[in-house]
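Only one structure is covered here, and it is reproduced in the block below.
Proteins get letters first, then strands, A, B, ... in listed order; numbering begins at 1 in each.
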2 protein chains.
Amino acid sequence: MSGDEREKAIMGTAEKLLAERSLAEISVDELAAGAGISRPTFYFYFPSKDAVVLALLDRLVEQASEALDSALERAAADPVVEVRESIEIFYEALGSHRALIRAVADLSASNAEARALWSQIMEGWVAHATEKIEAERARGAAPRGLPARELAIALLQMNERVLHAIFVEDTPAVAEDKVVEVLTAVWLSAIYGSATV
Amino acid sequence: MSGDEREKAIMGTAEKLLAERSLAEISVDELAAGAGISRPTFYFYFPSKDAVVLALLDRLVEQASEALDSALERAAADPVVEVRESIEIFYEALGSHRALIRAVADLSASNAEARALWSQIMEGWVAHATEKIEAERARGAAPRGLPARELAIALLQMNERVLHAIFVEDTPAVAEDKVVEVLTAVWLSAIYGSATV
DNA sequence: GAGCCTATCAACATCGAGTCGAGAATACGA
DNA sequence: TCGTATTCTCGACTCGATGTTGATAGGCTC
């Protein structure tokens with residue numbers, strides 16, 4: 001087993017262990033042992049535990065972003081339907097890597113690089129949502145109101161927190177089988193409803 | 001200096017240091033030194049670093065919760081105005097203890113007790129918001145739609161995430177001088193707007 | 001002044017991260 | 001096929017932090 005494979009083995013071990021425990025509860029020793037190497041050798045491949053999670057996230061982002069982008073671009077005929085579909089994609093993309101998402105969230109508390117990477121991902125989504133909102137306003141389908149970007153940030157951060165709560169089994173949390181419906185409803189009313197009732 | 005005062009001194013030191021650094025970057029040594037005692041003596045007062053933050057949170061909750069409850073109960077004439085005022089209170093209550101809120105959020109990643117305590121606080125707010133929404137529906141001012149509790153959770157978690165992002169200076173984040181306006185608008189449209197546009 | 005709580009700390013035990021330097025294994029060009 | 005350079009590996013170490021133990025000192029009470 002050499003080079004690349006060892007790196008993969010470390011990442012694989014990390015993914016496996018993260019399904020059960022938080023990153024803080026996993027030692028470099030375990031990561032190394034899981035990949036069949038000694039602790040010092042681990043440092044040949046990664047500068048730290050954190051870097052492994054970052055690498056996992058990088059990989060996920062790379063894998064998912066085209067899929068996600070293309071899914072988001074393949075606009076449904078009806079923009080209202082599109083909102084629902086986007087949220088569904090969002091939910092599935094994050095939900096199928098819960099352990100990693102949890103680890104990244106934890107890491108963001110202490111690791112500036114993790115924050116930067118996540119921030120970049122969010123920024124992309126914000127830009128996309130902002131455009132969509134502005135397009136809907138331009139064609140007269142949505143009323144003008146809040147600055148589109150501020151609205152997009154608030155809604156995306158709602159998604160982020162609501163889904164995170166479900167993934168880490170926080171209480172209170174929205175029921176998982178209702179979450180797409182709930183988020184969609186809030187998005188639609190925020191975008192298409194007039195601000196002053 | 002004795003007993004209670006020493007305890008206060010430790011908590012005071014923690015609060016001061018948390019304004020500059022995360023809990024992870026603060027050692028028990030520093031906490032002890034700041035309170036004028038040795039490290040082992042620290043353990044006479046608190047079982048761990050984490051416990052100090054929990055104690056701070058306990059104190060804040062106790063101090064703030066009556067103030068908050070009474071402010072929330074003193075219902076404004078207009079329920080729409082009340083939403084805005086509630087969000088303002090929420091913003092100010094959390095915003096005036098940013099360092100602590102940050103520390104608690106960090107801690108929640110690793111500490112079950114911190115999660116439990118925060119969860120309890122959220123649960124209280126959720127119950128309150130749920131009641132208000134149901135009252136508005138009962139009097140015919142708001143349309144029926146999503147289950148009130150699910151909606152309340154999503155909206156409160158939006159507040160939580162949006163404010164947290166501002167406090168920790170995440171990007172993207174809603175502009176601080178717009179945050180009350182943005183959150184209020186989303187709440188109002190989600191509560192009073194019809195779900196299907 | 002004997003007994004008993006409160007408070008204190010030096011010294012210890014432990015654990016995990018990260019480093020160093022010496023070595024094996026492998027590839028590779030001559 | 002034989003250096004030699006590059007990749008890879010780990011034993012042994014340092015360092016910093018957490019948490020524990022056991023001995024001690026002061027006060028309060030009867």
When you measure from the side chain of E20(B) to the backbone N and O of L17(B), does any donor-acceptor pair fall under 3.5 Å?
-> no
Going through the checks in order, is the salt bridge (charged side-chain N to carboxylate O under 4.0 Å, His left out) test met by R149(B) and E123(B)?
-> CA-CA 10 Å; R149(B) 183 179 154 83; E123(B) 197 63 72; 2.9 Å; yes
E88(A) side chain to V180(A) backbone, donor-acceptor under 3.5 Å = no
Considering only NZ, NE, NH1 and NH2 on the basic side and carboxylate oxygens on the acidic side, decide whether R59(A) and E7(A) come within less than 4.0 Å.
-> no
Residues that A93(A) engages under side chain to side chain contact (heavy atoms under 4.5 Å, CB included), provided they are two or more places apart | L68(A)
In terms of heavy-atom contacts, A173(A) and Q157(B) come closest through CA-NE2, 4.3 Å
For nucleotides 15-21 of chain C, give me every protein contact, N/O to N/O, under 3.5 Å, one pair per line with atom names.
residue, atom, partner, partner atom, Å
dA17(C), OP1, V28(A), N, 3.3
dA17(C), OP2, V28(A), N, 3.2
dA17(C), N7, R39(A), NH1, 3.3
dG18(C), OP2, Y43(A), OH, 3.4
dG18(C), N7, R39(A), NH1, 2.5
dG18(C), O6, R39(A), NH2, 2.4

Give me, pair by pair, the N or O atoms of the protein and of nucleotides 4-7 of chain C that are less than 3.5 Å apart, along with how far apart they are.
residue, atom, partner, partner atom, Å
dA7(C), OP1, G3(B), N, 3.2

Contacts of A71(A) meeting side chain to side chain contact (heavy atoms under 4.5 Å, CB included) (sequence neighbours excluded), chain-then-number -> R74(A), I89(A)
For V174(A) and E181(A), what are the C-alpha separation, side-chain angles and deciding distance, and is it a side chain to side chain contact (heavy atoms under 4.5 Å, CB included)?
-> CA-CA 10 Å; V174(A) 174; E181(A) 181 193 349; over 6 Å; no
Under the side chain to side chain contact (heavy atoms under 4.5 Å, CB included) rule, collect the residues that match up with A32(B), sequence neighbours excluded.
-> I37(B), F42(B)
Could you label the plane-to-plane angle of the Y91(A) and F167(A) rings as parallel, tilted or perpendicular, counting under 30° as parallel and over 60° as perpendicular?
-> parallel
Name the first nucleotide and the last nucleotide along DNA chain D (5' to 3') that come under 4.0 Å of a heavy atom in chain B.
-> dT18(D) to dT20(D)
